[in-house]
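Keep in mind that the numbers below use all heavy atoms, side chains included, and drop hydrogens, waters and symmetry copies. One-based numbering, in listed order, for ligands and for the atoms of each. In what follows, residues are counted from 1 in the order of the sequence shown.
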Amino acid sequence: MSADQPGERSGSVLIKGASVLGEQSADVLVVDGAVAEVGKVSKAAAGGAEVIDADGLVLLPGLVDLHTHLREPGREDAETVRTGSAAAAVGGYTAVLAMANTNPVTDTAEAAERVFDLGRQAGLVDVHPVGAVTKGLAGEELAELGLMARSRAGVRVFSDDGKCVADARVMRRALEYVKAFGGVISQHAQEPTLAGPSACCHEGEWSGKLGLPGWPGIAEEVIVARDVMLARHTGSRVHVAHASTAGTVEVLRWAKSQGIQVTAEVTPHHLLLTTDLLAGYDPTYKVNPPLRPTEDVEALRAALADGTIDAVATDHAPHARHDKEHAFGDAAFGMLGLETALGVVATVMVESGAMGWADVARVMATRPAEIAGLTDHGRPVAPGEPANLVLVDPAAPVTVDRDASVSLSRNNPWHGRTLAASVHTTLLRGATTVREGNLA
Ligand SMILES: NC(=O)N[C@@H](CC(=O)O)C(=O)O
């Protein structure tokens with residue numbers, strides 16, 4: 001890699017010989033934050049640009065995470081906008097949607113602008129705040145949806161994530177409200193009378209054996225079924241956060257066949273980890289919704305491959321040790337995900353042959369950007385497009401070390417596992433945020 005020469009095109013980058021979306025090999029010249037040329041570009045023509053030798057590397061649009069918990073404000077001991085942004089960049093992301101369950105909750109325009117500004121200051125990924133659907137996530141009164149949408153943060157995705165918008169009337173009003181400005185409600189589907197706050201293990205064989213309160217799949221499915229009908233009724237858009245069961249996939253398939261405006265995401269952990277991991281009562285594996293049995297995992301993989309599930313979203317949920325290291329029932333729900341998501345998807349979907357790299361671009365960049373209404377992410381690698389890009393090394397497996405993380409938290413369920421591919425370089429509007437796997 002050579003540095004810029006004085007007096008030459010500063011900030012330009014020449015990516016030499018990358019496999020674009022895992023297909024044809026091309027050189028990609030980035031100038032002034034945008035893709036300038038794709039094809040054959042000589043080093044001389046690139047005029048002293050920083051050169052990245054991308055032989056053997058796969059070039060994708062920068063990843064977009066629809067579901068990140070950054071914990072700021074309120075729990076800066078677990079993560080900040082800056083550390084979460086760093087984890088995102090290391091994971092190949094150029095944009096993240098920051099969930100509203102902070103303290104205070106992101107339920108006003110001012111709160112949304114504050115998170116947005118913190119993201120700008122960190123400057124590692126574009127941080128787009130998710131607005132709460134209801135004030136204080138209490139599920140009763142709608143939050144300032146319109147003001148958040150019109151704010152500098154331009155909020156388009158609203159969610160009470162961590163809590164379900166259980167009241168059907170409130171959900172209906174929220175869907176009607178956001179329709180006016182093309183917003184979407186991302187629902188944490190958990191019918192509270194079927195799975196209450198203590199429910200922490202998939203209801204089935206293991207909840208019985210381990211004596212842990214069951215969280216049945218039907219608690220998710222009845223909300224997804226209700227919400228797709230509300231989306232149809234209102235003509236508005238609903239997004240299913242962290243889909244986790246085969247039954248949810250069936251509902252989604254039906255709803256999409258009817259032309260209902262529903263989209264869905266699946267987490268990396270629900271694509272690979274299963275309920276039996278709870279046998280040792282290790283709270284690292286406590287997550288909401290819970291890890292499910294193999295039948296559900298298989299249905300989720302098939303749904304992601306065939307487009308029934310639109311996107312992979314991390315649900316990156318950092319927790320401080322003093323919240324996570326408890327008896328299983330008392331520990332916080334959630335696991336880290338930003339730094340490992342691409343490696344998990346490569347392992348589960350690409351290495352198995354279920355998907356190619358162009359599909360990975362679709363589910364981790366293009367569809368998430370479309371769902372969130374982000375116009376400068378998830379774009380094709382083509383002249384004139386913003387240079388939000390990631391280079392992946394498909395031949396560099398990595399063994400995850402939770403202590404090597406740039407996140408402030410250590411609740412990493414992938415520790416010690418070997419994942420099939422790694423992130424080499426991330427570019428945000430042409431600026432290198434990650435170089436050879438490390439923050440630049
Ligand atoms: N997914 C999780 O297990 N945890 C999330 C919120 C939630 O969805 O419960 C968190 O904020 O920690």
Show the protein residues that qualify under the rule heavy atom under 4.0 Å from an atom of ligand 1, listing them in chain and number order. His69, Arg71, Asn101, Asp161, Gly162, His188, His242, Val287, Asn288, Asp315, Ala317, His319, Phe333, Gly334
Regarding Arg75 and Asp323, does a basic nitrogen lie under 4.0 Å from an acidic carboxylate oxygen? yes
Pair Glu370 + Arg367: basic N to acidic O under 4.0 Å: yes
For the student: nearest non-hydrogen atoms of Trp357 and Leu60, plus distance: O-CD2, 3.7 Å
Would you list the atom pairs, donor with acceptor, under 3.5 Å between side chains in residues 172-179 and any protein atom, with sequence neighbours excluded?
| from | atom 1 | to | atom 2 | distance (Å) |
| --- | --- | --- | --- | --- |
| Arg172 | NE | Glu176 | OE2 | 3.1 |
| Arg173 | NH1 | Glu176 | OE1 | 2.8 |
| Lys179 | NZ | Thr234 | O | 3.2 |

Arg71/Glu79 salt bridge by N-O under 4.0 Å criterion: no
Answer yes or no: is there a donor N or O on one side and an acceptor on the other, between the side chain of Asp359 and the main chain of Gly356, under 3.5 Å? yes
